[in-house]
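Both ligands and their constituent atoms are indexed starting at 1 by order of listing. No hydrogens, no waters, no symmetry mates; every other heavy atom, side chains included, goes into these values.
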Amino acid sequence: MIDRLNQLREEALGALQPIWDDAQLEQWRVKFLGRKGALSAAMDQLGALPKEQRAVVGKLANETKNALESAYQVKVGAIQQRALSESLETEPLDVTLPGRPVATGRLHPATQNLREIYRIWGDMGFQVFRSREIETDELNFQLLNIPPFHPARDNWATFYVAGTGQRVVLRTHTSPGQIRAMRLLSENGTQPVRVILPGMCYRYEQISARYEIQFYQVEGLAVGRNVTFADLKGTLTEFARRMYGERPVRFYADHFPFTEPSAQMDVKCIICEGSGCPICKYTGWLEILGSGMVHPQVLRNGGYDPDEWSGFAFGMGAERIAMLKHGIEDIRYFWADDLRFLEQF
Ligand code: PHE
C-alpha cells in the first residue's frame, strides 16, 4: 500500500509536468484527485488494513493528497501566468488608443444660475450677505410691518418650527435679511448699504409646475442718503439687461407691507416676444421680481433714521429667473434629481 501511494505520487507529478492547457489539466485532476480518481480508490482500501498499519498509511495518504493538491494549484497559477505573458507578447498594448472618457460632474443648474446672479450684482457693486434660513416670527414678519393676524400673512403660507419658546419659522422670504444687514451696518454708526441676500426659502404650498415648497430667493437692498425710485428703476432695468439682454421691461404697481411704494418688474415674454402664449398667460409679459422703496418703519427697525436715509429693496425667485432664461416650464425639475434634466446645463 505504501509503495502504491508513493508510486501514485510519482506518476501524478510526472504527468502534471508537461501539461499547459486547461482541458488537459482538468483531465489530470479528475484522474488523480477526482472523487472516482486514483487517490480516492487507494484511500477506500484503508479500511481493509489491519489497525496498526492504518494510522501510518492514512497519514501518508493524506500527505500524498496534500502534495498533489498544492502541485495542482501551482500549476493553475503557472498556466495563467504563461497565458498572460503570451498575450502581452503577441498582442502588445496600443498606447495610442484614446482613453475611456471619464464622466465629470457639474454644478447644479440652480447653483450656476445663482452664481450668474451674484456676478451681475457684484459687477454693479452689491456684496453677498448671508442671512438665516430659520427665522423668528419677529424678523420674518413683525419688523416688516406684518404683525400677528395681519391679512398679508396669507401671502406667505408658513412652516413653523415646533418645540421652541417663541414662534420660529422657516423663512418664507429673504426679506428678514434686510433687517439683519441694516442692523449689522448701523452698529457703529449708520453706513450706506448695498447688498444682495441669497438663500433658500420655504412655503407651505401645493406643489405644482409653478410652486415649490422650497426655492431660492435673491433679495437686494440699497440704502443711502438720496436713494430714489428712479434709482430703483434704473438699477433693476440694468440687471434685466445684463441677465436677459436687450429686452423691454415694465414696472407695475404692487403692494408689500415693507415697501412703499411697491412695484413688480416684468420683462417682455421670452417665448412669444409679446404676442401672447401660455407661458405669459397671453399677457406678453413675465413677472421677474417684487420691489419697492423701503418703508420708513422698516428703516427704523434696521437702525436707520428715515428722515436722513432712504432705500430700495427687491426680491426675486432665482429658479424663476432661470426658468425664464432657459424656457424651463416646470419648477419641480430643479429638485427632482433627474439627470436627463441636470445634464442639459
Ligand atoms: N419678500 C417679497 C416676497 O417674497 C419680495 C420683495 C422683496 C418685495 C423686497 C419687495 C421688496 O414676495
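- Here Tyr304 pairs with Trp309 under the ring pair (Phe, Tyr, Trp, His ring centres under 6.0 Å) rule; sequence neighbours left out.
- The existence of a salt bridge linking Arg332 and Glu212 is excluded, since no basic side-chain nitrogen approaches an acidic carboxylate oxygen closer than 4.0 Å.
- Residue pairs that meet the ring-ring contact (aromatic ring centres under 6.0 Å, His included) test with at least one member in residues 21-67, sequence neighbours left out, are Trp28-Phe32.
- Qualifying ring pair (Phe, Tyr, Trp, His ring centres under 6.0 Å) partners for Phe129, counting only residues two or more places apart in sequence or in other chains: none.
- Taking a cutoff of 4.0 Å between a charged side-chain nitrogen and a carboxylate oxygen, Arg153 and Asp137 qualify as a salt bridge.
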Identify all pairs of nitrogen or oxygen atoms, one from ligand 1 and one from the protein, separated by less than 3.5 Å, and list them with distances.
{"residue": "ligand 1", "atom": "1 (N)", "partner": "His173", "partner atom": "ND1", "Å": "3.0"}
{"residue": "ligand 1", "atom": "1 (N)", "partner": "Ser175", "partner atom": "OG", "Å": "2.8"}
{"residue": "ligand 1", "atom": "4 (O)", "partner": "Trp156", "partner atom": "NE1", "Å": "3.4"}
{"residue": "ligand 1", "atom": "4 (O)", "partner": "Arg203", "partner atom": "NH2", "Å": "3.0"}
{"residue": "ligand 1", "atom": "4 (O)", "partner": "Gln217", "partner atom": "NE2", "Å": "3.0"}

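- Classified by interplanar angle (parallel below 30°, tilted 30° to 60°, perpendicular above 60°), the ring pair Phe258/His173 is perpendicular.
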